[in-house]
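The structure appears below as structure tokens.
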Amino acid sequence: MKDPVTVATGITYDRESIEQWFLTTNDMSCPVTKQPLPTDNSNDSMTPNHTLRRLIQQWCTINAINGVDRIPTPKFPLNRIYAVKLVKDLGVPHLQQAALKKMEALASENERNRRSMAEAGVGKALILFIVTCFQEGQTNGLLEALRVLHHVWSVDEETKVAVIGNNDFLESLTWVLGLNHDNGHNHMLLLRIEAILVLKMTIPVVNTAQLERLKLEFFMNISTLLSEKKISQQAVKSALHVLVEACPWGRNRMKIVESGAIFQLIELELLKPEKHVTELIFNLLANLCCCADGRAQFLKHDGSIAMVSKRILRVSHATDDLGVQILSSISKFSATHGVVLEMLLVGAVSKLCMVMQADCPAYLKKKVSGILRLHSNVWNNSPCIAVYLLTRPR
């Protein structure tokens, strides 16, 4: 225990653990006695057990030589009245910076503070602040606002509702993603990273009309961010999730192609990222290769076909399925003589033969068989394919 508290039944729990229980249970009962607890299990209905906390701290001190760290004295839970005051301070120009820094510190401490802030309307206030920054073209306090919004988003349903139909907020995030990264590179890069993290949570809750009206600039800014060398894996995943969510709507597929994202996706995959990132990249490439311009951009990259064939049977079943889908689109609709020979030379045809031999689903083997038949006149008897791959599996 780090912050022992006693509930109405007289049982002591760690504050964070019992609060998590209150969030997940439907009957609001004491985990030990199963007795019903007051419906208002706020901070006021849980009494800090100072005696037990001092004993725990004393035990930690005695066992410090064994590598046990002393738990800090818990801070008093955030009061909703104080959270409301911070929201009001956000509307006063000379108090904004101090209020944002206090919000950031409180939001990063624990889930309890984030819920209190959400109940006080911090999310809505921050959306308004970010939109104002966009309209006035100023970035003071913007980084802190994005970080706090990212923290409180998951616990604040009202904030999610406020985003629906709010085109100004989407435009504001697009503006942040496109901030000039040549001047003050590190600060601007941090702003763009925080913006993509917030955007990842925003995209799933916006309405269809908003998704269909996304501008080319939106996708170009995301593509540029993916080309940055210093962004975190979390930011990369967020950017890919945004593209996956937006791709099916309106003309977004064409806009993603026009933004140059395909080249960045292939370059990103060549760095051998983790499994989930590869699956997201292949999901996007499979969707983008459904259109002629997407296939043309894909084939412009010298390593595209080789990269896809190399990942098949090496990452996951989802990647195998998507990889075969990409090669199927290429072989059916963009199979010039040069492309067909390239598939042979870089090992794509050999890999397809391996899929036929491997323990893969029947539907996938059927799709692969269709690809192999399409250009069998070129690929038959080629020295580039090992003999054992041409034999039927038993």
Side-chain angles (χ1 to χ4, degrees), residues 177 181 185 189 192-193 196 200 219-244 246-247 253 255-331 333-336 338-355 358 368 371 384:
L177 287 170
H181 49 278
H185 180 80
L189 183 58
R192 293 159 67 208
I193 289 171
I196 199 66
K200 187 238 179 181
F219 299 106
M220 291 185 71
N221 290 344
I222 294 177
S223 179
T224 304
L225 182 63
L226 284 172
S227 69
E228 294 284 353
K229 306 297 183 186
K230 297 181 180 179
I231 65 171
S232 64
Q233 280 293 297
Q234 186 184 13
V236 169
K237 289 179 187 177
S238 296
L240 294 174
H241 273 291
V242 171
L243 293 175
V244 168
C247 187
R253 183 181 294 162
K255 292 174 187 175
I256 294 173
V257 172
E258 289 178 44
S259 72
I262 289 180
F263 180 86
Q264 300 302 339
L265 292 172
I266 296 170
E267 288 292 305
L268 187 59
E269 181 55 38
L270 289 173
L271 297 174
K272 297 182 180 178
E274 61 182 76
K275 171 184 167 183
H276 184 51
V277 173
T278 293
E279 289 175 345
L280 288 170
I281 290 172
F282 270 56
N283 188 339
L284 277 166
L285 290 175
N287 276 285
L288 297 174
C289 284
C290 288
C291 64
D293 288 344
R295 292 190 295 274
Q297 290 296 321
F298 177 82
L299 292 171
K300 277 186 179 179
H301 194 293
D302 293 337
S304 57
I305 295 176
M307 178 274 291
V308 171
S309 63
K310 197 171 184 68
R311 294 296 182 269
I312 294 174
L313 297 180
R314 290 192 175 192
V315 181
S316 67
H317 293 307
T319 306
D320 296 344
D321 201 349
L322 294 165
V324 169
Q325 185 179 331
I326 293 167
L327 294 180
S328 177
S329 295
I330 297 299
S331 62
F333 308 111
S334 302
T336 62
V339 169
V340 172
L341 283 179
E342 184 182 349
M343 290 180 69
L344 184 63
L345 294 172
V346 301
V349 181
S350 293
K351 185 57 70 78
L352 291 172
C353 292
M354 290 174 68
V355 172
V368 168
I371 299 172
C384 295

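Being a predicted model, the structure only gives us computed values, none of them experimental.
In this structure, the side chains of C291 and V257 come closer than 4.5 Å at one or more pairs of heavy atoms. Proximity of V339 to I305: side-chain heavy atoms (C-beta onward) are separated by under 4.5 Å at one or more points.
Taking each heavy atom of G323 and V308 in turn, the nearest pair found is O-CG1, 3.7 Å. Among all heavy-atom pairs drawn from L177 and R192, the shortest one is O-NE, 3.2 Å. Of all non-hydrogen atoms in D302 and E342, the two that sit nearest each other are O-OE2, 3.7 Å. When all heavy atoms are compared, the tightest approach of S331 to I371 is OG-CG2, 3.5 Å. Here the closest non-hydrogen pair linking L352 and V368 is O-CG1, 3.3 Å. Taking each heavy atom of K351 and S309 in turn, the nearest pair found is NZ-O, 2.7 Å.
Crowding of K255 atom NZ: a count of heavy atoms from other residues, nucleotides or ligands under 6.0 Å exceeding 12.
When atom types are taken as modelled, the side chain of S259 and the backbone of I256 share a donor-acceptor pair closer than 3.5 angstrom. No donor-acceptor distance shorter than 3.5 angstrom exists from the side chain of S328 to the backbone of V324, with no hydrogens or angles considered. Although no hydrogens or angles enter the test, the distance criterion places no donor-acceptor pair under 3.5 Å between the side chain of K275 and the main chain of S316. Between the side chain of S238 and the backbone N or O of Q234, at least one donor-acceptor pair lies under 3.5 Å.
For R311, the side-chain hydrogen bond (donor to acceptor under 3.5 Å, both in side chains) test picks out E269, with sequence neighbours left out. When the ring pair (Phe, Tyr, Trp, His ring centres under 6.0 Å) test is applied to H317, no partner is found at least two apart in sequence or on another chain. Evaluation of the side-chain hydrogen bond (donor to acceptor under 3.5 Å, both in side chains) rule for Q233 yields no partner, not counting sequence neighbours.
Note that SG of C289 and CZ of F333 are 11.5 Å apart. Values are rounded to the nearest 0.5 Å. Here the CG-CD1 distance, from L299 to I330, works out to 4.0 Å after rounding to the nearest 0.5 Å. Here the NZ atom belonging to K272 is positioned 12.5 Å from the CE atom belonging to M307, to the nearest 0.5 angstrom. For the atom pair OG of S329 and CG of N287, the computed distance is 9.5 Å after rounding to the nearest 0.5 Å. Going from atom CD1 of I262 over to atom CG of D293 covers 9.0 Å, rounded to the nearest 0.5 Å. The CG atom of L189 lies 13.0 Å from the NZ atom of K229; values are rounded to the nearest 0.5 Å.
Of the options Q297, H301, K300, a side-chain contact (heavy atoms from CB on, under 4.5 Å) to F263 is made by H301 and by none of the others.
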Step by step, would you call F298 with I266 a side chain to side chain contact (heavy atoms under 4.5 Å, CB included)?
-> CA-CA 8 Å; F298 177 82; I266 296 170; 3.9 Å; yes
Run the side chain to side chain contact (heavy atoms under 4.5 Å, CB included) check on L265 and L288 step by step: do they pass?
-> CA-CA 11 Å; L265 292 172; L288 297 174; 4.2 Å; yes
Could you go step by step and tell me if F282 and D321 meet the side chain to side chain contact (heavy atoms under 4.5 Å, CB included) rule?
-> CA-CA 9 Å; F282 270 56; D321 201 349; over 6 Å; no
Give the C-alpha distance, both sets of side-chain angles, the deciding distance and a yes or no for side chain to side chain contact (heavy atoms under 4.5 Å, CB included) between L322 and L285.
-> CA-CA 8 Å; L322 294 165; L285 290 175; over 6 Å; no
